[in-house]
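Below is one structure, written out as structure tokens; the observations come after it.
Here is the naming used below: chain letters follow the sequence lines, and residue numbers restart at 1 for every chain. As the structure is a computational prediction, the values presented were derived from the model and not from experiment.
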Amino acid sequence: MDTTHLDVALAVAWLRAAAASVTAETDQLTRLDAAIGDGDHGVNLARGFTAVAATLDGGGFTAVGDVFVRAGATLIAKVGGASGPLYGTAFRAVGKALPPGAASADLADLATALHAGLDAVRKLGGAEPGDKTIVDAFRPALDAFEEAVAGGAALPEAAASAARAAGEGARATAPLTARKGRASYLGERSAGHQDPGATSTWLIFQALADVTAP
Amino acid sequence: MDTTHLDVALAVAWLRAAAASVTAETDQLTRLDAAIGDGDHGVNLARGFTAVAATLDGGGFTAVGDVFVRAGATLIAKVGGASGPLYGTAFRAVGKALPPGAASADLADLATALHAGLDAVRKLGGAEPGDKTIVDAFRPALDAFEEAVAGGAALPEAAASAARAAGEGARATAPLTARKGRASYLGERSAGHQDPGATSTWLIFQALADVTAP
Amino acid sequence: MLWGAGRDHAVGNEAKEPAVKKFINDPADVVAEALAGLAAAHPELRVDVTERYVARASAPRPGKVALVSGGGSGHEPLHGGFVGPGMLDAACPGEVFTSPVPDQILAATKAVDGGAGVVHIVKNYTGDVMNFQLAAELAADEGITVETVLVDDDVAVENSTWTAGRRGTGATLLVEKIAGALAEEGAKLGEVAAVGREVNAASASFAYALTACTTPAAGRPGFDLPDDEIEVGVGIHGEPGRRREKLRPARELVRSAVDALLDAKPLNPGDRTLVLVNGLGATPLLEQYLVFGEVATVLAERGLEISRRLVGNYVTSLDMAGLSITVARLTDEMIRLWDAPVRTPGLRWGV
Amino acid sequence: MLWGAGRDHAVGNEAKEPAVKKFINDPADVVAEALAGLAAAHPELRVDVTERYVARASAPRPGKVALVSGGGSGHEPLHGGFVGPGMLDAACPGEVFTSPVPDQILAATKAVDGGAGVVHIVKNYTGDVMNFQLAAELAADEGITVETVLVDDDVAVENSTWTAGRRGTGATLLVEKIAGALAEEGAKLGEVAAVGREVNAASASFAYALTACTTPAAGRPGFDLPDDEIEVGVGIHGEPGRRREKLRPARELVRSAVDALLDAKPLNPGDRTLVLVNGLGATPLLEQYLVFGEVATVLAERGLEISRRLVGNYVTSLDMAGLSITVARLTDEMIRLWDAPVRTPGLRWGV
Ligand SMILES: Nc1ncnc2c1ncn2[C@@H]1O[C@H](COP(=O)(O)OP(=O)(O)O)[C@@H](O)[C@H]1O
Ligand SMILES: Nc1ncnc2c1ncn2[C@@H]1O[C@H](COP(=O)(O)OP(=O)(O)O)[C@@H](O)[C@H]1O
Ligand SMILES: [Mg+2]
Ligand SMILES: [Mg+2]
Ligand SMILES: [Mg+2]
Ligand SMILES: [Mg+2]
């Protein structure tokens with residue numbers, strides 16, 4: 001494996017691994033959402049990423065960016081709820097920020113694209129760090145990824161670092177009081193529960209780490 | 001106390017004692033009814049006999065029969081359900097069968113009147129012995145009462161004997177399959193549960209035994 | 001031990017029960033307070049909280065046959081919610097799951113009698129039958145002619161002279177609507193009662209429960225049901241059903257229910273039917289519609305036409321999670337009367 | 001341990017859950033199968049089970065402003081049950097408690113657009129808002145003008161730019177009815193949207209839950225509640241409320257709720273109001289009427305007039321035992337539009 005680039009095959013493998021992971025963890029995500037939301041986050045993402053995996057099977061992608069654009073469009077079309085537009089828009093933004101038509105992206109391109117994904121989530125959802133949302137896992141993951149890349153790390157190492165940071169970010173949402181999404185209706189009662197969306201963001205970064213692991 | 005007659009005061013005392021007893025046992029009667037009926041028998045009778053006790057307070061009865069006629073009419077007006085018309089009609093029939101205008105009744109008169117009460121229940125409800133109803137406590141109670149009176153017993157003894165027989169009759173309803181009233185909808189599932197109506201009949205006869213006990 | 005078999009019954013004082021988890025004040029006042037609320041919500045009704053009846057504000061209408069129904073409370077909108085033009089003239093709500101008393105039925109009967117006679121629509125329960133019978137005798141004493149229509153559509157119960165007979169459930173709504181429409185047109189007492197009996201004879205119902213219901217007086221569910229079991233053949237008073245079965249998919253439950261309905265009252269291909277899928281209280285409309293879809297599939301397979309249909313909570317059993325399916329064979333006349341205008345809190349169209 | 005605080009979360013395989021106790025087949029098929037049932041039950045609706053929308057069979061009506069609403073399923077009759085003359089032109093049901101997706105909303109919007117523009121009535125939830133926003137952008141790309149009316153009447157939630165803001169609950173029905181009536185009269189896009197916003201601004205809602213509800217996917221109640229505690233300030237998605245309190249008599253709960261409503265949206269003596277007492281699913285109508293009576297008493301004390309009222313299950317949360325109280329301040333115009341004919345599966349009068 002070329003550890004300095006993300007190509008079409010690897011992008012597809014990543015999204016398939018993400019699909020497998022959110023499907024395996026459906027019940028856990030749903031439980032987290034039942035505690036401070038409406039209990040559908042696991043089922044929502046399992047439905048969405050299963051559709052993503054199915055749409056990638058047809059494949060025939062030549063540009064790596066198109067993989068993410070297609071995945072994002074599929075999430076928007078299949079998930080609903082808050083997480084559908086947020087993840088869908090994020091993946092679309094990632095795909096569109098990758099070099100147009102390029103079969104693969106280097107790590108700097110990938111970092112830039114992930115940045116565009118995070119920006120898209122923040123623009124659509126308006127969440128600040130600390131609001132107990134996807135952002136609280138996505139942002140530290142991106143920071144860690146960029147830092148690793150700046151330090152000369154290869155993809156496996158950068159991905160592992162991002163996944164670790166996402167996991168920590170997700171766990172760190174537990175004591176927070178939600179200020180966005182359904183959990184915000186609970187006011188202070190949302191504190192003490194880990195955010196489902198931040199947790200699924202961790203699963204997605206962990207999937208990249210898993211498929212790139214040496 | 002005159003142990004050979006039932007007078008107005010004793011009739012009123014009997015009905016008051018019955019009211020106290022069904023009120024104290026409301027929950028138990030309701031539980032029996034919840035198992036094979038709709039769970040209201042205790043509340044129904046507590047409401048009805050409380051109203052009976054209240055209407056007797058106004059008192060001023062000169063004829064013992066009138067006490068029962070008034071009690072029966074009150075039960076019909078306040079209870080509803082199956083037990084309201086059945087007990088109400090029974091008490092009215094008892095009252096009407098007692099010697100008109102008489103201040104008190106002897107034990108033969110009382111036996112005749114109770115007979116009229118049982119007949120009224122059977123005529124209105126159409127239940128046969130063994131159908132798992134009021135009849136299954138009322139009939140053995142009446143038999144025991146008549147037998148005691150025929151044997152020369154005084155009221156306390158006859159009442160105690162009737163109460164004992166009513167209790168045995170009520171207990172004996174447990175294995176029966178109901179063929180009348182709501183419990184009949186359960187078919188064979190009604191077996192294994194004591195009939196609430198037979199049980200309240202026992203409470204009523206027991207109240208007579210209690211107020212006449214030496 | 002005079003408290004016999006079946007459950008463990010400790011006589012006498014028990015630990016204080018927790019408060020009943022319902023939107024009520026004193027459980028003893030539920031019916032009176034709900035009637036006060038009904039009065040506040042429906043100025044077009046005359047609600048007599050003391051005498052305990054609900055009548056059209058405009059009643060009596062001279063020369064019109066009046067329809068009076070009633071039964072225990074806890075089945076709302078039945079019966080009070082079906083009072084109004086095109087349906088009932090009055091309803092008598094008893095205590096929760098307890099039939100009304102004769103005085104109350106008599107008061108309602110007198111309040112709406114327009115001189116053309118009164119039809120009592122009575123669900124076949126021992127208590128209801130006896131109380132309405134006593135009321136009809138009292139009404140006769142006052143010179144009011146009463147015809148009684150007994151509703152006994154629940155095929156889960158065997159119809160035998162050795163039992164209390166079949167229960168009245170979902171078909172009560174059909175009888176009240178169709179007989180009510182005919183009465184509105186000015187038909188005679190005998191005609192109104194006859195169409196009511198005809199609708200009852202043409203109707204069959206069957207119900208399942210997933211949970212027991214909780215009466216305000218008892219404060220706890222009437223029975224316990226394991227997570228994977230349901231009660232089959234239940235009525236509308238929270239009593240257990242004919243038997244307990246394992247939970248099955250809706251598709252299979254509907255098939256068994258339709259089999260039971262058609263076994264009891266066979267229909268022929270081409271027959272037109274009315275289908276009522278009726279929630280017993282806590283079953284979401286989402287599930288009720290899903291079940292209606294399954295019923296439509298099964299009836300189509302049997303060559304039966306669904307000409308009229310109704311889905312919703314109409315004949316309920318407090319907060320029981322469950323539903324009943326009623327299938328009635330329709331005549332042209334019944335369809336015409338079903339479609340006639342009705343304006344009540346619980347059923348309304350055409351006006 | 002990546003599965004963090006709050007509950008004990010064992011990652012990976014767990015004991016198989018028992019079957020979900022509902023009248024369904026596969027939980028994944030609930031919405032599609034319920035839509036099939038809705039289609040079978042209501043020939044006057046066009047139900048597109050594939051595209052997932054419910055429209056009037058007669059839509060589009062050229063020149064008429066069309067109303068489209070939608071949201072997660074599980075709130076029935078909202079929204080599909082409010083499609084018909086005088087109310088919505090189309091509704092988009094999402095998965096249970098999950099907002100619909102943009103494609104679906106776009107398909108419904110295109111299906112009913114009569115060239116005069118489309119009003120999207122959107123309950124204020126992050127997911128609903130974002131999905132409808134994306135759909136509106138797609139519709140604009142196709143040349144359809146969309147105005148969005150956001151409903152956020154639930155005063156249990158603080159209205160702050162630092163939260164997702166107030167939720168849309170009971171007032172949604174009022175907005176759909178009143179804006180729907182104005183659209184039926186031929187009003188312009190801006191006018192229809194304006195009256196919808198006015199109704200929302202004039203409305204306040206507050207809800208209590210006695211139990212959690214159970215989604216088909218989860219199969220178990222969303223939270224546990226002790227026998228003597230209730231959730232105060234709940235929404236309609238089975239989420240816990242703002243706080244937990246001891247159970248109190250209905251009289252006191254109503255008083256607290258009305259205080260909360262009037263604190264958030266003060267009214268003056270003499271104001272005319274519409275009161276909606278809305279069951280969340282498993283609360284018997286008997287209790288709902290009892291609560292309506294209490295509301296009437298409290299509003300009368302404050303000198304407020306109840307000019308219009310509605311009691312029943314309209315904006316539900318599956319099988320939650322609970323209810324919401326909505327009070328809206330009425331203008332003459334709103335009263336006129338409220339009284340206008342409506343003919344939908346869930347709300348019907350005047351036709
Ligand atoms: N405004 C927002 N910005 C970022 N993430 C959000 C926002 N609102 C909600 N989320 C995320 O969405 C997750 C919930 O997703 P999901 O349960 O699928 O949708 P819904 O809340 O509509 O049911 C939350 O845990 C949170 O992480
Ligand atoms: N036909 C009948 N004849 C005699 N007793 C009957 C008959 N039907 C019912 N009962 C008695 O009535 C009791 C139930 O009374 P209750 O619960 O007050 O009325 P309901 O069944 O209407 O709720 C039964 O336990 C039974 O003993
Ligand atoms: Mg969610
Ligand atoms: Mg009973
Ligand atoms: Mg009863
Ligand atoms: Mg959701």
Side-chain angles (χ1 to χ4, degrees), chain B residues 24-28 30-40 42-44 47 76-86 88-89 124-126 128 131 133 167-168 170-175 178-195 198-199 202-203 206, chain C residues 1-7 9-14 17 27-28 72 74 94-104 125-131 133-134 154 156-158 160-167 212 215 217-218 220-223 233-244:
Chain B
E25 303 300 345
T26 298
D27 277 10
Q28 302 299 345
T30 289
R31 266 173 216 217
L32 291 178
D33 196 32
I36 56 171
D38 59 352
D40 60 357
V43 176
N44 284 350
R47 183 176 61 247
I76 291 174
K78 295 292 176 187
V79 176
S83 58
L86 288 167
T89 307
L124 182 61
E128 299 289 325
D131 282 356
T133 70
E168 277 159 24
R171 260 176 309 166
T173 60
R179 281 191 297 252
K180 280 283 176 279
R182 263 176 222 297
S184 72
Y185 305 139
L186 270 74
E188 285 165 11
R189 291 180 77 184
S190 64
H193 300 270
Q194 185 169 316
D195 181 59
T199 307
W202 160 60
L203 292 179
Q206 187 61 48
Chain C
M1 228 261 305
L2 271 150
W3 295 103
R7 293 172 88 147
H9 295 286
V11 175
N13 291 333
E14 295 204 305
E17 306 281 343
E95 290 298 320
V96 172
F97 291 170
T98 301
S99 69
V101 297
D103 289 3
Q104 179 183 359
Y125 300 98
T126 305
D128 294 65
V129 170
M130 291 190 304
N131 283 284
Q133 182 188 319
L134 294 178
D154 180 3
V157 171
E158 243 177 290
S160 140
T161 44
W162 297 104
T163 69
R166 285 179 172 152
R167 297 173 288 217
T215 62
R220 56 179 170 262
F223 52 83
V234 294
I236 53 172
H237 295 88
E239 65 271 46
R242 294 292 286 185
R243 56 183 185 279
R244 206 165 262 201

Heavy-atom proximity to chain B below 4.5 Å, by part of Pro100(C): backbone
Salt bridge (charged side-chain N to carboxylate O under 4.0 Å, His left out) against Asp154(C), all qualifying residues, sequence neighbours excluded: Arg167(C)
Among Val129(C), Val157(C), Thr98(C), residue most engaged with chain B (heavy-atom pairs, under 4.5 Å): Thr98(C)
Residue part contacting chain B, namely of Gln133(C), when any heavy atom lies under 4.5 Å: side chain
Check: Arg220(C) and Arg31(B) side chains under 4.5 Å, non-hydrogen atoms: yes
is_close_aromatic(Tyr185(B), His237(C)), centroid dist under 6.0 Å: no
Winner by heavy-atom pair count (cut-off under 4.5 Å) against chain C, out of Ala183(B), Gly126(B), Ala77(B): Ala77(B)
Contact leader toward chain B among Pro102(C), Ala212(C), Gly235(C), where contacts are heavy-atom pairs under 4.5 Å: Pro102(C)
Engaged part of Asn131(C) at the chain B interface, taking heavy atoms whose separation is under 4.5 Å: both
Partner residues of Asp131(B) under the salt bridge (charged side-chain N to carboxylate O under 4.0 Å, His left out) criterion, sequence neighbours left out: Arg179(B)
Structural part of Val96(C) lying under 4.5 Å from a heavy atom of chain B: backbone
Validation row: Thr26(B), Val43(B) side chains within 4.5 angstrom (heavy atoms): yes
Expected output: side-chain Arg189(B) to main-chain Gly241(C) donor-acceptor under 3.5 Å: yes
